[in-house]
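Every value quoted in this text rests on a predicted model; they were computed, and no experiment measured them. Lettering follows sequence order; numbering is per chain, from 1.
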Number of protein chains: 2
Amino acid sequence: MGRQPSAKPTSFDIAYLAGVSQPTVSRALRGSKSVSAATRANIQRIAQELNYTVDKNASSLRSQRTHTLALLFFEDPNPDESMINPFFLSMLGSITRECARRGYDLLISFQQMHNDWHVTYQDSHRSDGIILLGYGDYQLYLTKLEHLVEMGTKFVRWGSVSEDGIGLTVGSDNVGAGEQAGAHLVEIGRRRIAFLGDASDHAPEFQDRYNGLCRAMRAAGLEPDPALQRDAVSSEDSGYAAARSLIESGQTFDAVFAASDLIAIGAMRALTEAGLRLPHDVAVIGFDDIPAASLTTPTLTTLMQDMKGAGSLLVDALLARIDDRPVEQRILPARLIRRQSTAV
Amino acid sequence: MGRQPSAKPTSFDIAYLAGVSQPTVSRALRGSKSVSAATRANIQRIAQELNYTVDKNASSLRSQRTHTLALLFFEDPNPDESMINPFFLSMLGSITRECARRGYDLLISFQQMHNDWHVTYQDSHRSDGIILLGYGDYQLYLTKLEHLVEMGTKFVRWGSVSEDGIGLTVGSDNVGAGEQAGAHLVEIGRRRIAFLGDASDHAPEFQDRYNGLCRAMRAAGLEPDPALQRDAVSSEDSGYAAARSLIESGQTFDAVFAASDLIAIGAMRALTEAGLRLPHDVAVIGFDDIPAASLTTPTLTTLMQDMKGAGSLLVDALLARIDDRPVEQRILPARLIRRQSTAV
DNA sequence: ATATTATGCGTATACGTATACCCTATGGCG
DNA sequence: CGCCATAGGGTATACGTATACGCATAATAT
């Protein structure tokens, strides 16, 4: 009873009470097998009683391992600052859970493309590695990634998975998903399918989706019409503008495959305003299955990415990278969610 | 050139190059005024050149300050694990930004109401304080909070602001927002206004909103009918069920004030299915202004909470609490967003 | 001119843990 | 009965920084 309740116990306190030395406490709690079962049990009991916790800072300082990962969202600074891509937000849940399961803490930050991630997070020993999520200026982005590789920073990013990519990338099977979308539209009888989304190599994921669409069309004996492709970034406004451009061009089309749900939602607004009936005149497919997709009129058919799988895959891959183990899986399948916007 | 590029520089390296002692480097970089301007400038230049960063673990260990806050979402374990209350998610952006602005890192975690937050985060020196966000089993919740207070844990939570609350709470002006909702419905001629949301003291925020509604009605000479109140938690399904219950009861009503947008969206589905025309037969107001609110049919009138303000207020309050300074502001105003669901 | 105070910095050390290394006792084996 | 391996754990120390304290020198006061 003479102890100060406010003073947090250290491993020395435990050691004293257990009649052993401080290193033995450390060894016992970390599971070293050079401690007898009886001693270990005793130490654990005492630690429990005193509500002892290993000091994270001291532990990290000594072991040079933080058991912390950093999650960086980097998007172009948005006029509406509080707006975050909903798709990435929903990945957050699975990432945090996977981190917790693996005993890792998660630091989170939104970055405006600064130059010093490695300095900020790895060199200052805040985290053992970095998860990168986001779109943005792709060229600028690549430059930064090369820099990270040079600095030996451990990181993994979500994106288009290809062998020549910079650093380690995991992502959905975008080509396969594009094929599913195309096949579905062909199946319901559509012939002239428009694609809304940047198809250049500035947006590899969108490009993959477009390539998948083209492949499905060709497999059905249709030739994709390049005039039916319109660039768009992932936002409602951009989707609206792209659809307007398509409508005003006078091209005929009976389906729209939007590279993201946000684009699709904007496009549906433009199409409806133009007096087109959905899905009768134009069928629409989105990508991501954000919560809003089931609230639109008509509800939006879309490709659902495996968000839960994505989170654990990202964490798995990063931990493998940190421990210099080979990374097993890198690609996740997507699933077609059929709703009213393609129900004819 | 003989230096190892991979070895991270320490304050000793800087000190050696600057011809001073290590503590002087520490003082210079932390802005102590007992270092001459010339020395400081020189040290900063060298640190810059070497890409030196203060080791976070060593710094935190020595100073017993982590400059890190922990954000805890605690909700009842959901069957759909990846579902997070969208309102809290949008608060995330402003919290991270405010932390960054103040030079704090942010740890994030989802908790299933475990007992040991303080152990996990404060006692193990992972963070200086905790931000709590979430609904959940309110009684259980209160017990945990009392425990936190006992342990001397620094924390702040989002919720119903009242003087007798446990710990430090900041939140929206729920009563005032409820009044705005009520006044608006009265203004468009509605007399029999239903409230969907738990009005017991298990959900103080909802209760406040209901009280605000009642106040506005009485101010207009109307007496709220308790039969028009239905309990609901913040989910679509719960809103749907509550609205069904109301419809089946045979009560007449010409407006619904839902305690959250999710409840409102579920209720609108039930109302529409029952053949009621919105807003002609029944006007609907929600709460939160989640992104989906502008996508429903009809679009949803709602009360927008000041999310950006909320984030900075939470961080401000917590930092004040950590430094034992008085907390200035605790209540944020909400704003009525008029959309189609009340446009008559 | 001496006493006083402030300035600028070095010396020593603490923060709490993890690990390399060393030592002792025990048992197995030939 | 001597030899070595092994279990079990102690001793010493490093991780990199921040701070209490002391000590000069210079600036001011008296």
Side-chain angles (χ1 to χ4, degrees), chain A residues 4 6-44 46-47 50-68 103 105 119 122-126 128, chain B residues 4 6-44 46-47 50-68 103 105 119 122-126 128:
Chain A
Q4 318 252 25
S6 62
K8 283 169 204 117
T10 73
S11 52
F12 283 96
D13 297 331
I14 313 291
Y16 176 76
L17 292 175
V20 298
S21 70
Q22 176 268 327
T24 299
V25 172
S26 175
R27 281 188 283 249
L29 296 179
R30 311 213 66 239
S32 158
K33 61 187 192 119
S34 72
V35 163
S36 75
T39 307
R40 180 195 317 287
N42 190 33
I43 287 175
Q44 279 171 337
I46 296 175
L50 293 198
N51 250 313
Y52 168 78
T53 319
V54 173
D55 186 293
K56 189 82 189 297
N57 299 123
S59 174
S60 297
L61 174 60
R62 176 61 235 243
S63 66
Q64 303 291 64
R65 274 292 224 113
T66 65
H67 277 266
T68 299
D105 285 336
V119 174
Q122 182 151 313
D123 290 358
S124 62
H125 289 292
R126 283 162 156 87
D128 296 333
Chain B
Q4 316 252 27
S6 61
K8 281 166 206 121
T10 73
S11 53
F12 283 96
D13 298 329
I14 313 291
Y16 176 75
L17 292 174
V20 297
S21 69
Q22 177 269 327
T24 300
V25 172
S26 175
R27 282 187 284 247
L29 296 179
R30 311 215 69 238
S32 158
K33 60 185 193 122
S34 71
V35 167
S36 75
T39 306
R40 178 196 317 286
N42 190 34
I43 288 174
Q44 278 171 337
I46 295 175
L50 293 198
N51 251 314
Y52 168 77
T53 318
V54 172
D55 185 294
K56 190 82 191 296
N57 299 123
S59 173
S60 297
L61 174 60
R62 177 60 235 244
S63 66
Q64 303 291 62
R65 274 294 222 112
T66 64
H67 277 267
T68 299
D105 286 336
V119 173
Q122 181 150 313
D123 289 358
S124 63
H125 288 293
R126 281 162 159 85
D128 297 332

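Place A58(B) and T39(B) on DNA chain C by their nearest nucleotides, and T39(B) ends up nearer the 5' end. Where N57(B) and T24(B) each meet DNA chain D at their nearest nucleotide, the meeting point lying more 5' is that of N57(B). Position along DNA chain C of the nearest nucleotide to P23(B) versus D55(A) favours P23(B) as the more 5'-ward residue.
No hydrogens or angles considered: nothing links the side chains of R30(A) and S32(A) as a donor-acceptor pair under 3.5 Å. Side chains of R65(A) and S63(A): a donor-acceptor N/O pair is absent below 3.5 angstrom, by distance only.
The CZ-P distance, from R40(A) to dA7(D), rounds to 13 Å in whole Å.
Residue-level contact check: S60(A) touches neither bases nor backbone, having no heavy atom under 4.0 Å from any strand. Among the protein residues, S36(B) comes within range of the sugar-phosphate backbone only, with heavy atoms under 4.0 Å from sugar or phosphate atoms but none that close to a base. Looking at heavy-atom distances under 4.0 Å, V25(B) makes no contact with the nucleic acid at all. S21(B) comes within 4.0 angstrom of a base, heavy atoms only. Base contact: R27(B) has a heavy atom under 4.0 Å from a base atom. Using a 4.0 Å heavy-atom distance criterion, S26(B) is classed as a base contact. Using a 4.0 Å heavy-atom distance criterion, Q64(A) is classed as a sugar-phosphate-only contact.
Under the 3.5 Å distance criterion, the side-chain polar atoms of T68(B) are matched with a main-chain donor or acceptor of T66(B).
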Check step by step if side-chain contact (heavy atoms from CB on, under 4.5 Å) holds for R126(B) and D105(A). CA-CA 9 Å; R126(B) 281 162 159 85; D105(A) 285 336; 2.6 Å; yes
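In plain terms, the two heavy atoms of T53(A) and S124(B) that are nearest each other are CG2-CB, 3.4 Å.
On the nucleic acid side, DNA chain C contacts chain B at distances under 4.0 Å to non-hydrogen atoms, with the end points of that region at dG8(C) to dG16(C).
Looking only at side-chain heavy atoms (C-beta outward), L29(B) and Y52(B) come within less than 4.5 Å of each other.
A salt bridge does not link K8(A) to D55(A): none of the charged nitrogens lies less than 4.0 Å from a carboxylate oxygen.
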